[in-house]
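To find a chain, count down the sequence lines: A is the first, B the second, and so on, and within it residues start at 1. Values below: every heavy atom of this structure, side chains too, minus hydrogens, waters and symmetry copies.
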2 protein chains.
Amino acid sequence: MTDITVRSEQVCFGGTQGFYSHESEACGGSMNFALYQPPQVRNSGKLPLVTFLSGLTCTDENFTTKAGAQRVAAELGVMVLAPDTSPRGAGYPGEDDSYDFGTGAGFYLDATESPWSDRYRMYSYITRELPALIAERFPADMSRQGIMGHSMGGHGALTIHLKNPDTYRSVSAFSPICAPMQCPWGEKAFTGYLGGDRETWRPYDATELVKSKASGAGILIDQGAEDDFLKEQLLPEVFVEACKQAGQAVELRMQPGYDHSYYFIQTFMEDHLRHHAATLLA
Amino acid sequence: MTDITVRSEQVCFGGTQGFYSHESEACGGSMNFALYQPPQVRNSGKLPLVTFLSGLTCTDENFTTKAGAQRVAAELGVMVLAPDTSPRGAGYPGEDDSYDFGTGAGFYLDATESPWSDRYRMYSYITRELPALIAERFPADMSRQGIMGHSMGGHGALTIHLKNPDTYRSVSAFSPICAPMQCPWGEKAFTGYLGGDRETWRPYDATELVKSKASGAGILIDQGAEDDFLKEQLLPEVFVEACKQAGQAVELRMQPGYDHSYYFIQTFMEDHLRHHAATLLA
């Protein structure tokens, strides 16, 4: 069995909120993740798994402490996985210079530019290495997986679902970066990780991906109408327009008054987990 | 009107989670607090107010980000106030030397020992100055107040209720310090803030207080059975025995598997707010 280190395990809503670490091959070093196992693990066999991808600057802890997901997961009988947002401590020049590139900003892609390509391989980590580890060590039913995320993690959830619709059968996002090729965050990250050839960016842009192939799932997106990043960085209407043309089912809910924070996320977390459960527990 | 500074206000479950600061007379300097106003403030006139007192090392932020109270408060139509746990930056010798005395450890009492007596006056702050400010600036119905807290803040909630049962009509606690005169945390704090005469400690010890006078309210206490502090510091059974002899209604729920953390608190937050609402919304 692959080694994992239990950093902590605490009872929460009758289940277990754990924080773990392990040596990652994809990311070339130790990676942290958090996993909530609801009380049903004790008598229901394997349970569905929903992965939450966090946004810029986050670790595995922000979502786990602030989103209020455990209560709903315990009611529904769903496991919830919160990975970290990047490798840590690679030591590359500039790695810690900005909040939107390098540490805490892995963008859920496999970098091709040196030196990032050596360890910044979050796409492989999230879609292959970490699920294999979870399947080996925890009672998760890997045939019933969903994916969601926030901001940079919303970009991750949309792209990973669109590229792997049979694996991640349900998808939702909070204030996702919907068209990274058209916004400053995305352009900076893609240039740094993938280089100057914009053609190589397309497989990591939800709007470009959906143009080439719709998934069978219905996508749920919540977006705060007062989100400071809405107009420059997130561009949900660009994605919705592409979905419309591609025949992709999507529901974009503009939430009046809400911002980009976990006060927004926790408000709609129950809706999102129920959206996933509607597919995964059907 | 008394000046307050809005540090932030964010929409959460349709209401407003605010962080504020103001110049406190009782505490001789700037004090922070957090207040959640549920959506009902817009059309229901004045609403009940539940104050949550936090434990050692906490600020007004721990409860507000981790306890999941806003969802339930929004459903019930209750305001929730989270004060800080001590004055900050008084500059007294030793103020920042330990986690259980000085900064972050005000113990909800009025210190009588120099130099603490000048600014460490959390009892007056919580029971008089802050409520007056809230009543002036927010639509809270001060005739319908409840109080709850965790650990050191559970001690605060129990003692403040028992001394002011007509003001704080409902009370509950998570893993409270129940008999501070009999535990190391209490003995250290009371010696430092109140001096060596143990008689002066009694008004700040829930077990001693209940012996002299029961309140008409029913006290709800949740306690994690795997809490590391249970046997040395918290002593709920000592309090329950004193309640029994005094005719004080108390329900102590030992929760198997739970520890001292906010993963425990969030699990039972809904029960506690409903306990308060049963009195305050009756």
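Around the CG atom of B:D271, the shell of radius 6.0 Å holds more than 12 heavy atoms that belong to other residues, nucleotides or ligands.
Neither the backbone nor the side chain of A:Q255 comes within less than 4.5 Å of any heavy atom in chain B. Of the atoms belonging to B:T16, not a single heavy atom falls under 4.5 Å from chain A. Looking at B:F13, both its backbone and its side chain come within 4.5 Å of chain A, counting heavy atoms on both sides. Contact of B:Q17 with chain A is made through the side chain alone, with heavy-atom distances under 4.5 Å. For B:E226, no part sits under 4.5 Å from any heavy atom of chain A, backbone or side chain.
Nearest heavy atom pair, residue A:C12 against residue B:Y263, reads SG-O, 3.5 Å.
Here the side chain of A:Y258 pairs no donor or acceptor atom with the backbone of B:Q10 at under 3.5 angstrom.
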Exercise. Does the pair B:R71 and A:Q266 meet the rule for a side-chain contact (heavy atoms from CB on, under 4.5 Å), with working shown?
Worked result: CA-CA 8 Å; B:R71 177 185 64 87; A:Q266 68 178 275; 5.8 Å; no
